[in-house]
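Worksheet: the structure to be examined is printed underneath.
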Amino acid sequence: MTASSIDRDELAEKYFEQLPYQPYPVQEEALLAWFTEGQGVLVCAPTGTGKTLIAEAALFEALHTGTTAYYTTPLIALTDQKFDEMQQRAVEWGFEAGDVGLVTGNRRVNPEARVLVVVAEILLNRLLHTEAFDFADVSTVVMDEFHSFNDRERGIVWELTLGLLPEHVRTLLLSATVGNAFEFTQWLSAQHNRRLKLVSGDERKVPLSYHWVGDQLLDELLVEMAAGEEENRRTPTLLFCFNRETCWTVAEMLKGKKLITGDQQKRLAKELDAHDWSQGAGPKLKAILQRGIGVHHAGVLPKYRRIVEDFYQRKLLTVCVCTETLSAGINLPARSVVLPTLLKGPPDKKKVIEPSSAHQIFGRAGRPQFDTQGFVYALAHEDDVKIARWQEPYDQIPENTKDPGLLKAQKKLKKKQPKRRTTEQYWNEQQFQKLVAAPPANLSSRGPLPWRLLAYMLDVSPQIKPLRDLVSKRLLPPKKLEQAQKSLDRMLMTLWRAGYVELEPKPSGGKENHPDTESRSGEAKSEEGEGKKEKGKKLTVEDLTFGQSVSAKKPKAKVKAAGSSKQEDKSSGGDSDYQAERANPTERLPLMLSFRSVNPLYGVYLIN
């Protein structure tokens with residue numbers, strides 16, 4: 001059956017008929033838009049609004065029309081989960097499970113299937129290699145968690161994908177609430193000739209209540225939340241930590257607390273015996289799971305993560321201790337979320353989490369099928385809790401008392417007065433309330449073109465014009481667009497200076513003494529910000545991206561093509577306006593493609 005042989009109104013009717021419940025207003029509006037709009041839809045709605053139901057409509061259409069569809073997500077764990085869900089839906093719709101495939105960096109299942117669930121980078125890779133991947137039969141691309149466009153490191157993946165998609169491919173972008181959704185659709189239309197219908201909503205099916213906890217420690221709060229009859233408990237709970245090691249530490253601390261019923265524990269023991277826990281952190285995880293606590297982060301083996309997800313969804317677990325990545329759409333329905341801290345980052349340099357990240361986390365609370373309200377808890381630092389507890393009995397003693405017994409008690413309390421530590425960073429209720437009240441973030445182009453992606457694109461084609469065209473279409477104000485083009489030129493000169501490419505026309509002056517392309521291979525740092533210059537001076541991000549703050553400190557280099565005349569200089573805009581037309585890869589360029597978590601220039605420097 002081809003796309004032209006079936007009426008879209010008929011498809012819409014069939015899809016609505018098979019839904020198990022009446023869709024929410026924003027779902028219904030988005031579904032009708034998908035089946036009527038020519039180029040696609042942008043859906044912006046709060047976390048927990050059921051956007052997956054809308055995504056399924058696009059895949060339903062692709063399967064019924066015999067065309068190909070891509071479903072992209074930002075995370076491997078989320079991709080695995082959506083793959084399982086979409087296979088189940090395909091079978092429910094009368095198709096085969098094998099009609100849905102999976103492609104990630106480390107796993108391939110049914111890679112020739114009509115519907116492919118992939119990590120976002122996989123689709124971009126295929127768009128860069130159209131000689132190997134034919135998009136003529138692709139009708140649909142669904143981009144789940146599209147607010148990842150705002151990610152400082154990976155957002156450009158979604159941005160370039162939109163720019164490279166063939167015009168005939170319809171797109172369904174599913175995003176959390178953003179502040180400039182209409183402006184984004186206008187930019188998409190103007191720069192990429194892609195006109196999407198905007199469907200937005202800001203009302204949650206399950207409202208949230210927010211609670212600052214300044215007088216309880218984490219284990220005390222969770223025991224209280226898990227007590228009583230099921231309808232009165234505030235569990236199951238997602239407990240968010242901002243690094244993997246903390247996840248294990250917190251889970252171990254909770255292991256001795258009463259968080260599950262005897263019946264749950266018996267069911268868990270039976271389920272745990274059905275799995276092999278001998279690999280990796282399996283033995284440690286098994287002991288923690290036995291107490292009704294799950295651990296979920298990227299460092300846990302995928303098979304164990306899937307078991308944790310399964311146990312949690314079946315209400316066998318009371319708490320799942322997880323990292324921030326779980327807030328990016330992984331389906332673990334929770335009545336409440338708990339944040340033991342509001343700070344994120346390396347020691348001594350922690351900062352309050354971004355409002356957009358906080359809203360993603362908050363939005364995981366509240367299950368439409370079970371709850372009438374979701375609960376969000378943020379805890380004070382344990383030092384502040386101890387101070388608050390000390391303060392309460394101390395304040396009950398009159399300031400000018402002359403009672404010997406009270407004076408003795410006051411003196412005793414003063415000796416035990418807890419204080420904040422100079423080695424710790426703290427947060428407060430005002431910062432929490434500020435996160436709650438913060439408006440949605442605007443979508444915009446974030447960060448420069450990553451070194452590895454630049455090397456990858458040059459390896460595909462040495463032509464620089466397509467790169468300049470992509471940079472010129474970024475969602476940035478004019479001044480920053482100009483800076484982005486200059487940044488691209490400096491990056492190309494650095495690759496030339498380090499011997500990774502040969503530029504055409506060739507810049508004048510030797511590579512050894514070129515003022516604008518001083519080698520930074522030995523000064524580059526890891527993308528996690530851990531590297532240092534050889535002399536011990538810490539690098540800033542501009543040292544790798546050649547951002548405006550660095551270029552502003554240096555005089556403009558006067559570079560011109562070798563053998564060019566004054567007339568040629570004038571026609572090209574002058575010496576300082578040198579722009580390469582081609583960057584031909586040398587045998588060294590593949591070295592830069594070997595690194596993922598480390599800045600490739602720094603990685604090659606270490607090898608050398």
Side-chain angles (χ1 to χ4, degrees), residues 51-130 132-135 137-146 148 151 154 157-158 160-161 164-165 169-174 275 279-280 296-313 322 325-332 596:
K51 293 187 282 290
T52 298
L53 185 79
I54 306 164
E56 290 171 356
L59 307 186
F60 180 89
E61 180 178 21
L63 287 171
H64 278 83
T65 56
T67 56
T68 298
Y70 282 90
Y71 186 119
T72 76
T73 87
L75 303 172
I76 289 179
L78 181 57
T79 304
D80 289 340
Q81 189 177 74
K82 292 301 179 183
F83 168 62
D84 293 337
E85 290 179 9
M86 295 310 154
Q87 281 201 321
Q88 293 172 20
R89 297 295 176 273
V91 172
E92 291 171 7
W93 298 333
F95 298 91
E96 300 291 331
D99 290 324
V100 179
L102 170 80
V103 182
T104 66
N106 54 16
R107 189 177 172 211
R108 293 165 64 89
V109 182
N110 308 326
E112 304 301 324
R114 282 292 186 181
V115 170
L116 288 174
V117 186
V118 304
V119 175
E121 281 83 354
I122 295 293
L123 178 56
L124 176 58
N125 175 51
R126 295 188 172 197
L127 287 167
L128 291 170
H129 290 89
T130 51
F133 299 97
D134 185 10
F135 280 79
D137 196 39
V138 176
S139 64
T140 303
V141 166
V142 179
M143 296 186 185
D144 204 353
E145 304 297 318
F146 182 72
S148 299
D151 188 279
R154 296 176 62 212
V157 171
W158 284 263
L160 293 183
T161 298
L164 294 172
L165 277 175
V169 177
R170 299 176 69 230
T171 50
L172 176 57
L173 312 182
L174 304 174
H275 299 279
Q279 293 180 282
H296 191 291
H297 59 68
V300 177
L301 288 174
K303 69 174 184 177
Y304 292 152
R305 283 204 308 266
R306 288 192 284 271
I307 293 172
V308 171
E309 292 166 9
D310 178 55
F311 284 6
Y312 192 89
Q313 290 166 350
C322 55
T325 54
L326 191 140
S327 67
I330 295 175
N331 184 28
L332 291 188
R596 293 188 179 183

What residue pairs, at least two apart or across chains, pass ring-ring contact (aromatic ring centres under 6.0 Å, His included) with a residue in residues 96-122?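 Qualifying pairs: none.
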By ring-ring contact (aromatic ring centres under 6.0 Å, His included), which residues pair with Phe135, not counting sequence neighbours? Tyr70
All ring-ring contact (aromatic ring centres under 6.0 Å, His included) counterparts of Tyr312, not counting sequence neighbours: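 Testing Tyr312 for ring-ring contact (aromatic ring centres under 6.0 Å, His included), a comparison that skips the adjacent residues, returns none.
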What pairs with Asp137 under side chain to side chain contact (heavy atoms under 4.5 Å, CB included), at least two apart in sequence or on another chain? Thr67, Thr68, Arg114
Not counting sequence neighbours, which residues clear salt bridge (charged side-chain N to carboxylate O under 4.0 Å, His left out) with [X]? List them please.
X	answer
Asp310	Arg314
Asp99	none
Glu96	none

With sequence neighbours left out, what residues match [X] under side-chain hydrogen bond (donor to acceptor under 3.5 Å, both in side chains)?
X	value
Arg108	none
Gln87	none
Thr79	Thr73
Glu121	Arg154

According to the salt bridge (Lys or Arg N to Asp or Glu O under 4.0 Å) rule, which pairs have a member within residues 60-81, sequence neighbours left out?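 Those involving residues 60-81 are Arg8-Glu61, Glu61-Arg170, Asp80-Arg107, Asp80-Arg306.
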